[in-house]
Amino acid sequence: MTQEEDIAAEAAAETSGPTHSGFVALIGPTNAGKSTLVNRLVGAKVSIVSHKVQTTRAIVRGIAIHDNAQIVFMDTPGIFKPRRRLDRAMVTSAWGGARDADLIVLLIDSERGLRGDAEAILEGLKEVRQPKILLLNKIDRVNREDLLALAAAANEKIAFDRTFMISAENGSGCDDVMDYLAATLPEGPWYYPEDQISDLPMRQLAAEITREKLFLRLHQELPYASHVETEKWEERKDGSVRIEQVIYLERDSQKKIALGKGGETIKAISTASRKELSEILEQPVHLFLFVKVRENWGDDPERFREMGLDFPK
């Protein structure tokens with residue numbers, strides 16, 4: 001047993017009664033609110049959030065403790081009809097996460113209903129053997145009659161074990177979901193130490209935070225052809241940390257957009273990212289961003305490995 005497993009076992013042993021643990025795959029169409037929900041259920045930011053669809057690229061695991069259960073949420077990329085190599089890798093990663101989980105949660109945007117990708121996901125779920133529950137999100141924007149009709153239509157296609165109506169934004173219904181998961185996951189020791197909230201390395205989380213700020217600032221101007229890597233991480237004697245990151249783009253025209261007039265855009269992105277990283281790390285952060293053009297990085301196997309994705313042939 002590793003030292004990490006020893007710590008997790010000791011933490012679980014301190015609770016009363018049998019402990020439960022397991023992996024819960026959260027799947028759904030793009031922009032259904034999966035990352036917002038994971039952050040809500042974990043109680044801390046472990047997955048980046050953006051109004052831009054297909055923001056999550058690889059599986060992010062967020063770890064929550066509820067009653068005697070350790071619930072490992074797997075925030076998967078949104079499932080959609082892939083067009084590019086990166087799209088195919090993301091969709092493959094999402095379905096792979098679903099098949100590896102103890103339980104599957106399908107999140108549907110109540111406003112959009114079963115239109116588009118949701119219908120195809122329901123068909124795909126018929127081939128997956130794990131127990132499944134349905135979460136209808138954004139219920140504060142839809143009347144009750146339409147919600148009940150949507151729940152009935154989805155359960156006609158797949159007999160979900162349970163259906164919950166929630167709002168990931170304000171937390172409505174989320175406690176009921178956590179109660180159910182804690183009681184349903186199998187008995188067993190915890191996988192992670194009690195105070196661990198994610199398995200994402202800090203260097204990678206820092207890159208994701210900057211990518212989020214890039215999307216939030218430039219979601220209308222900059223396409224998906226952007227990628228952030230943390231190249232240097234230096235803990236300094238004064239208690240601060242120096243972080244150097246590179247934003248990779250595919251064309252020179254995109255570089256001008258990312259930098260902005262007089263460098264004002266990249267400065268704003270850096271300021272927002274540095275502020276959030278300082279709060280997460282609880283120490284001063286010196287963040288340096290560099291913008292580089294790497295043509296066709298979306299066809300580079302090394303970039304896929306950096307993102308935690310398999311490179312599709």
Visitor: For a quick test of reading the model, state the closest non-hydrogen atom pair linking Val142 to Leu147 and the distance between them.
Guide: O-CD1, 3.9 Å

Visitor: List in chain and number order the residues that pass salt bridge (Lys or Arg N to Asp or Glu O under 4.0 Å) with Glu279, two or more places apart in sequence or in another chain; answer none if no residue qualifies.
Guide: Lys275

Visitor: Run the numbers on Val24 and Val72 for side-chain contact (heavy atoms from CB on, under 4.5 Å), then give the verdict.
Guide: CA-CA 6 Å; Val24 176; Val72 185; over 6 Å; no

Visitor: Measure across Gly113 and Ala118 and return the closest heavy-atom pair with its distance rounded to 0.1 Å.
Guide: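 Of all heavy-atom pairs spanning Gly113 and Ala118, the closest is O-CB, 3.7 Å.
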
Visitor: For residues Leu37 and Leu107, determine if any side-chain heavy atom of one lies less than 4.5 Å from a side-chain heavy atom of the other.
Guide: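 Yes, at least one pair of side-chain atoms sits under 4.5 Å.
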
Visitor: Between atom NE2 of His227 and atom CG of Leu249, what is the distance when rounded to the nearest 0.5 Å?
Guide: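 Spacing of NE2 (His227) from CG (Leu249) equals 11.0 Å.
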
Visitor: For the backbone of Glu169 and the side chain of Arg40, can you confirm whether one donor and one acceptor N or O come within less than 3.5 Å of each other?
Guide: yes

Visitor: Would you name the heavy atoms of Asp117 and Pro29 that are closest together and state the gap between them?
Guide: CB-CB, 4.2 Å

Visitor: Tell me whether the count of non-hydrogen atoms from other residues, nucleotides or ligands lying under 6.0 Å of NZ in Lys261 goes above 12.
Guide: no

Visitor: Suppose we screen for salt bridge (Lys or Arg N to Asp or Glu O under 4.0 Å). Which residues come up paired with Lys256, at least two apart in sequence or across chains?
Guide: none

Visitor: Could you walk me through whether Met178 and Leu41 pass side-chain contact (heavy atoms from CB on, under 4.5 Å), step by step?
Guide: CA-CA 8 Å; Met178 292 295 281; Leu41 297 180; 3.8 Å; yes

Visitor: Enumerate the residue pairs fulfilling ring-ring contact (aromatic ring centres under 6.0 Å, His included) with a member in residues 100-150, sequence neighbours excluded, ordered by first and then second residue.
Guide: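 Every pair satisfying ring-ring contact (aromatic ring centres under 6.0 Å, His included) with a residue in residues 100-150: there are none.
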
Visitor: Under 3.5 Å, which donor-acceptor pairs link side chains of residues 153-160 to any protein atom two or more places apart or in another chain?
Guide:
from: Asn155; atom 1: OD1; to: Phe160; atom 2: N; distance (Å): 3.3
from: Asn155; atom 1: ND2; to: Ala151; atom 2: O; distance (Å): 2.8
from: Asn155; atom 1: ND2; to: Thr163; atom 2: OG1; distance (Å): 3.0
from: Lys157; atom 1: NZ; to: Glu119; atom 2: OE2; distance (Å): 2.7

Visitor: Measuring from Asp102:CG to Gln130:CD, what's the distance to the nearest 0.5 Å?
Guide: 8.0 Å

Visitor: Sort and list the pairs that fulfil salt bridge (Lys or Arg N to Asp or Glu O under 4.0 Å) and have at least one residue in residues 282-292, not counting sequence neighbours.
Guide: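 Listed by first then second residue: nothing to list.
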
Visitor: For Phe23 and Tyr192, take the angle between the two ring planes, folded into 0 to 90°, and tell me which bin it lands in: parallel under 30, tilted 30 to 60, perpendicular over 60.
Guide: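 Ring orientation, 0 to 90° scale: perpendicular.
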
Visitor: Can you check whether Ala168's main-chain N or O pairs, donor with acceptor, with Thr36's side chain at less than 3.5 Å?
Guide: no

Visitor: I'd like to check Gln245 versus Phe288 (side-chain heavy atoms, cut-off strictly below 4.5 Å). Are they in contact?
Guide: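 Side chain of Gln245 against side chain of Phe288, heavy atoms only: no contact under 4.5 Å found.
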
Visitor: Got Ile139 and Ile166 here, is their nearest side-chain heavy-atom distance under 4.5 Å?
Guide: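 No, every pair of side-chain atoms sits at 4.5 Å or beyond.
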
Visitor: Could you tell me whether a side-chain N or O of Asp67 sits under 3.5 Å from a main-chain N or O of Ala69, the two making a donor and an acceptor?
Guide: no

Visitor: Residues two or more places apart in sequence or in another chain: which of them pass salt bridge (Lys or Arg N to Asp or Glu O under 4.0 Å) with Lys232?
Guide: none

Visitor: If the condition is salt bridge (Lys or Arg N to Asp or Glu O under 4.0 Å), which residues does Glu231 pass it with, not counting sequence neighbours?
Guide: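 Partners of Glu231 by the salt bridge (Lys or Arg N to Asp or Glu O under 4.0 Å) criterion come out as none, since no residue qualifies.
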
Visitor: For Ser21 and Leu185, work out which heavy atoms get closest and say how close.
Guide: O-CB, 3.9 Å

Visitor: Got a sec, which pairs hit salt bridge (Lys or Arg N to Asp or Glu O under 4.0 Å) with one end in residues 130-148, sequence neighbours left out?
Guide: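 Counting only pairs at least two positions apart or across chains, the salt bridge (Lys or Arg N to Asp or Glu O under 4.0 Å) contacts touching residues 130-148 are Asp109-Lys138, Glu111-Arg141.
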
Visitor: Indicate whether the side chain of Ser167 and that of Ser172 have a donor and an acceptor atom separated by less than 3.5 Å.
Guide: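 No donor-acceptor contact under 3.5 Å links the two side chains.
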
Visitor: Might you work through the side-chain contact (heavy atoms from CB on, under 4.5 Å) test for Leu122 and Leu106, ending with a clear yes or no?
Guide: CA-CA 9 Å; Leu122 284 167; Leu106 172 62; 3.6 Å; yes

Visitor: Looking at side-chain heavy atoms only, is the closest gap between Glu276 and Glu212 below 4.5 Å?
Guide: yes

Visitor: Has the side chain of Gln70 got a donor or acceptor atom that lies under 3.5 Å from a matching backbone atom of Tyr191?
Guide: yes

Visitor: Sequence neighbours left out, what passes side chain to side chain donor-acceptor pair (under 3.5 Å) with Thr265? Give chain and number order.
Guide: none

Visitor: Looking only at heavy atoms, which two atoms of Leu150 and Ser110 are closest? And how far apart?
Guide: CD2-CA, 3.8 Å

Visitor: Can you confirm whether Lys267 sits close enough to Glu264 that some side-chain heavy atom of one is under 4.5 Å from a side-chain heavy atom of the other?
Guide: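 Side-chain contact under 4.5 Å: no.
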
Visitor: Using the rule that two of Ile, Leu, Val, Met, Phe, Trp, Tyr join whenever any of their side-chain heavy atoms come within less than 4.5 Å, decide whether Leu259 and Ile257 are in one cluster.
Guide: yes

Visitor: According to the ring-ring contact (aromatic ring centres under 6.0 Å, His included) rule, which pairs have a member within residues 101-120, sequence neighbours left out?
Guide: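 For residues 101-120, and leaving out neighbouring residues, there are no ring-ring contact (aromatic ring centres under 6.0 Å, His included) pairs at all.
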
Visitor: Of Ile243, Leu287, Leu289, which meets side-chain contact (heavy atoms from CB on, under 4.5 Å) against Ser273?
Guide: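 That would be Leu287.
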
Visitor: As an exercise, state the distance from CD1 of Ile209 to CG of Leu277, rounded to the nearest 0.5 Å.
Guide: 6.0 Å

Visitor: Residues two or more places apart in sequence or in another chain: which of them pass side chain to side chain donor-acceptor pair (under 3.5 Å) with Lys237?
Guide: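 Side chain to side chain donor-acceptor pair (under 3.5 Å) list for Lys237, sorted by chain: empty.
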
Visitor: Is there side-chain contact between Glu250 and Tyr248, with heavy atoms separated by less than 4.5 Å?
Guide: no

Visitor: Salt bridge check: are Glu229 and Arg203 linked by an N-O gap of less than 4.0 Å?
Guide: no

Visitor: Which residue pairs pass the side-chain hydrogen bond (donor to acceptor under 3.5 Å, both in side chains) test with at least one member in residues 175-188, sequence neighbours excluded?
Guide: His66-Asp179

Visitor: Output the distance between atom CD (Glu234) and atom NE2 (His286), rounded to the nearest 0.5 Å.
Guide: 9.5 Å

Visitor: Please test Asn137 against Ile108 for side-chain contact (heavy atoms from CB on, under 4.5 Å), starting from the C-alpha separation and ending with a verdict.
Guide: CA-CA 6 Å; Asn137 192 24; Ile108 296 292; over 6 Å; no

Visitor: Are Leu136 and Leu114 connected into the same hydrophobic cluster when the rule is that any two of I, L, V, M, F, W, Y join if their side-chain heavy atoms are below 4.5 Å apart?
Guide: yes

Visitor: Is any side-chain heavy atom of Leu125 closer than 4.5 Å to a side-chain heavy atom of Ile27?
Guide: yes

Visitor: Short question: side chain of Trp190, backbone of Asn68 - any donor-acceptor pair under 3.5 Å?
Guide: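 Here the side-chain-to-backbone pair exists.
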
Visitor: I'd like to know if Arg211 pairs up with Glu208 as an ion pair, taking the criterion as any Lys NZ or Arg NE/NH1/NH2 lying under 4.0 Å from an Asp or Glu carboxylate oxygen.
Guide: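 Counted as a salt bridge, because a side-chain N and a carboxylate O are separated by less than 4.0 Å.
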
Visitor: Between atom CZ of Arg162 and atom CG of Leu103, what is the distance when rounded to the nearest 0.5 Å?
Guide: 11.5 Å

Visitor: Is there a side-chain contact between Ile247 and Ile266 (heavy atoms, below 4.5 Å)?
Guide: yes

Visitor: Minimum heavy-atom separation for Ala64 to Phe73, with atom names?
Guide: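 Here Ala64 and Phe73 meet closest at CB-CE1, 4.0 Å.
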
